[in-house]
Amino acid sequence: MTAVAVETPITTAVSPPVLEGRDLSKRFWVRRGRGPLTRRAALRAVDGVSISLEAGKVVAVVGESGCGKTTVARMLARILTPDSGRVLLDGEAVRGKRTRKYASQVQMVFQDPFASLNPVHRIRYHLVRPLRIHHIADDDVPAAVSDLLRRVALSPPDQFVDKFPHELSGGQRQRVAIARTLAVRPRALLADEPVSMLDVSVRLGVLNLLADLRDREHMAILYVTHDIASARYLADRIMVMYAGQVVESAPSVELTDRPAHPYTQLLLSAAADPDRAVPPTLAGSGAPPSLLAPPTGCRFHPRCPHAMDICSRVAPPTVEVAAAHTAACWLHVDSADRHSSEPQPGPNRTAARQGLQKLSAGGTGG
């Protein structure tokens with residue numbers, strides 16, 4: 001008998017994302033009214049958002065001010081504790097408060113570099129402090145500080161280490177803030193509107209710095225912004241948020257070239273385009289809803305030019321409109337499926353409707 005060699009299939013283990021958030025939700029309690037009529041109300045800042053950050057990739061979260069994108073970043077950084085949902089680091093759930101070990105893996109860059117740096121201390125202090133706290137490069141701290149400044153393109157380092165934050169430009173301050181996060185050698189970087197307070201002339205340099213960290217150091221990066229044009233330039237994937245929820249997610253080029261959700265189309269129509277001679281007339285109207293009392297159904301339906309009856313009653317499912325491209329919109333659901341998703345009346349309501357129909361037809365009902 002001849003032996004037959006059986007080829008064993010080779011399975012490649014897929015590593016989990018560096019940082020992941022699953023079904024994250026967050027409410028803030030605010031006071032409404034005055035005097036004896038004061039009551040507490042829940043502001044639903046984030047409602048069921050899932051996001052994953054992979055090594056060597058940039059994910060951008062785009063949306064209007066107040067949509068919840070910064071709250072998502074702060075929950076991933078463990079600055080805020082989610083009311084529900086989980087944060088996972090390397091596939092393992094993170095519990096409890098933000099620890100020093102977690103901070104060494106996940107760092108955050110804030111929007112205002114001047115507010116995030118202590119104005120009474122020199123740049124040397126801001127970079128030495130994290131090195132001391134995490135016991136990094138204890139044998140040669142000055143060399144480590146110089147290396148951090150070179151990594152963020154502040155060279156020669158001797159020109160910057162003894163300056164105060166107010167002696168630097170906005171772009172230089174943001175680079176120092178990024179250098180401070182790099183001091184602990186993180187694997188995930190959460191950048192909250194890192195260029196929104198910078199001059200247009202220096203924004204590109206900071207975006208290129210983040211791209212370099214992604215490519216050269218294989219870092220997982222979250223880029224929070226309201227500028228969908230810069231998100232396309234930097235990010236590998238874009239998630240669009242509206243009123244605390246994700247309404248569309250896709251690779252950056254796919255999303256900007258073929259937007260599937262009306263809100264994404266609205267954002268793109270508002271983006272500056274030098275090749276567009278006449279500014280477009282925005283299809284949507286109105287303002288974002290109050291998160292104290294968000295609209296029923298699809299939260300975008302009061303502003304949507306394509307709104308249907310079902311949009312105001314039932315929240316749309318998230319459907320795949322193309323490969324790796326999802327959108328939460330009833331426009332991409334078949335009419336038969338839309339009808340089956342409509343809430344059906346109960347037996348009492350059905351009997352009441354039949355009685356009204358008989359009365360309208362002239363019946364006595366008995």
[Y] side chain reached by [X] side chain, heavy atoms, under 4.5 Å:
| X | Y | answer |
| --- | --- | --- |
| F164 | P119 | no |
| Q111 | M197 | yes |
| V49 | Q245 | no |
| F28 | L291 | no |
| V30 | R40 | no |
| L213 | L182 | yes |
| V184 | Q107 | yes |
| I238 | T256 | yes |

Is there a donor-acceptor pair under 3.5 Å between the side chain of [X] and the backbone N or O of [Y]?
| X | Y | answer |
| --- | --- | --- |
| Q105 | Y102 | no |
| W330 | P317 | no |
| R175 | V152 | yes |
| Q159 | S155 | no |
| R214 | L234 | yes |
| R173 | L168 | yes |
| R203 | V195 | yes |
| H135 | L131 | no |
| H325 | L255 | no |
| Q174 | G171 | no |

Heavy-atom closest contact ([X] atom, [Y] atom, distance):
| X | Y | answer |
| --- | --- | --- |
| A73 | L222 | CB-CD2, 3.9 Å |
| E20 | S52 | CG-CB, 4.0 Å |
| P165 | H126 | CG-CE1, 4.0 Å |
| S146 | P157 | O-CG, 3.6 Å |
| A188 | L19 | CB-CD2, 4.3 Å |
| P295 | P302 | CG-CG, 4.0 Å |

Check the pair R151, D212 against salt bridge (charged side-chain N to carboxylate O under 4.0 Å, His left out), reporting the backbone distance first and the verdict last.
CA-CA 10 Å; R151 287 169 67 186; D212 187 56; over 6 Å; no
Once rounded to the nearest 0.5 Å, what's the spacing between atom [atom1] of [X] and atom [atom2] of [Y]?
| X | Y | atom1 | atom2 | answer |
| --- | --- | --- | --- | --- |
| D215 | K57 | CG | NZ | 9.5 Å |
| L267 | Y242 | CG | OH | 10.0 Å |
| R180 | S116 | CZ | OG | 5.0 Å |
| S104 | I136 | OG | CD1 | 7.5 Å |
| T225 | D192 | OG1 | CG | 9.5 Å |
| F110 | I79 | CZ | CD1 | 4.0 Å |

Could you walk me through whether R129 and I133 pass side chain to side chain contact (heavy atoms under 4.5 Å, CB included), step by step?
CA-CA 6 Å; R129 182 171 172 78; I133 291 176; 3.8 Å; yes
Please lay out, stage by stage, how M239 and I51 fare under the test side chain to side chain contact (heavy atoms under 4.5 Å, CB included).
CA-CA 9 Å; M239 297 175 60; I51 185 172; 3.6 Å; yes
Given the rule in the side-chain hydrogen bond (donor to acceptor under 3.5 Å, both in side chains) test, do R31 and T38 qualify, once you have shown the distances and angles that lead to the verdict?
CA-CA 6 Å; R31 293 185 178 275; T38 300; 5.9 Å; no
Treat each ILVMFWY residue as a node, draw an edge where side-chain heavy atoms are under 4.5 Å apart, and state whether [X] and [Y] are in one component.
| X | Y | answer |
| --- | --- | --- |
| I178 | V161 | yes |
| V62 | L190 | no |
| V224 | V240 | no |
| M108 | V206 | no |
| V72 | V109 | no |

Is it the case that the side chains of [Y] and [X] hold a donor-acceptor pair, with the cut-off being a distance below 3.5 Å and no angle test?
| X | Y | result |
| --- | --- | --- |
| R313 | T296 | no |
| S252 | R232 | no |
| S230 | Y223 | yes |
| E64 | H226 | no |
| T326 | E248 | no |

Check the pair D162 / I123 against side chain to side chain contact (heavy atoms under 4.5 Å, CB included), numbers first and verdict last.
CA-CA 6 Å; D162 291 321; I123 302 305; over 6 Å; no
R78 pairs by side chain to side chain contact (heavy atoms under 4.5 Å, CB included) with which of V106, L89, V87?
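So, applying the side chain to side chain contact (heavy atoms under 4.5 Å, CB included) to R78 and each of V106, L89, V87, only V87 qualifies.
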Would you say that more than 12 heavy atoms from the other residues, nucleotides or ligands in this model lie under 6.0 Å from the [atom1] of [X], or not?
| X | atom1 | value |
| --- | --- | --- |
| R44 | CZ | no |
| R98 | CZ | yes |
| H218 | NE2 | no |
| R258 | CZ | yes |
| R216 | CZ | yes |

Check R299 with D47, please: is the shortest side-chain N to carboxylate O separation under 4.0 Å?
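The answer is yes: the pair qualifies as a salt bridge.
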Got a salt bridge between R86 and D23, using NZ or NE/NH1/NH2 to carboxylate O under 4.0 Å?
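No.
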Evaluation steps, salt bridge (charged side-chain N to carboxylate O under 4.0 Å, His left out), between D83 and K26:
CA-CA 5 Å; D83 294 330; K26 184 65 179 179; 3.8 Å; yes
Tell me whether the rings of Y263 and H261 are parallel (<30°), tilted (30 to 60°) or perpendicular (>60°).
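Correct class here is perpendicular.
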I would like to know whether V58 and L210 meet side chain to side chain contact (heavy atoms under 4.5 Å, CB included); could you show each step before the answer?
CA-CA 9 Å; V58 176; L210 294 175; 6.0 Å; no
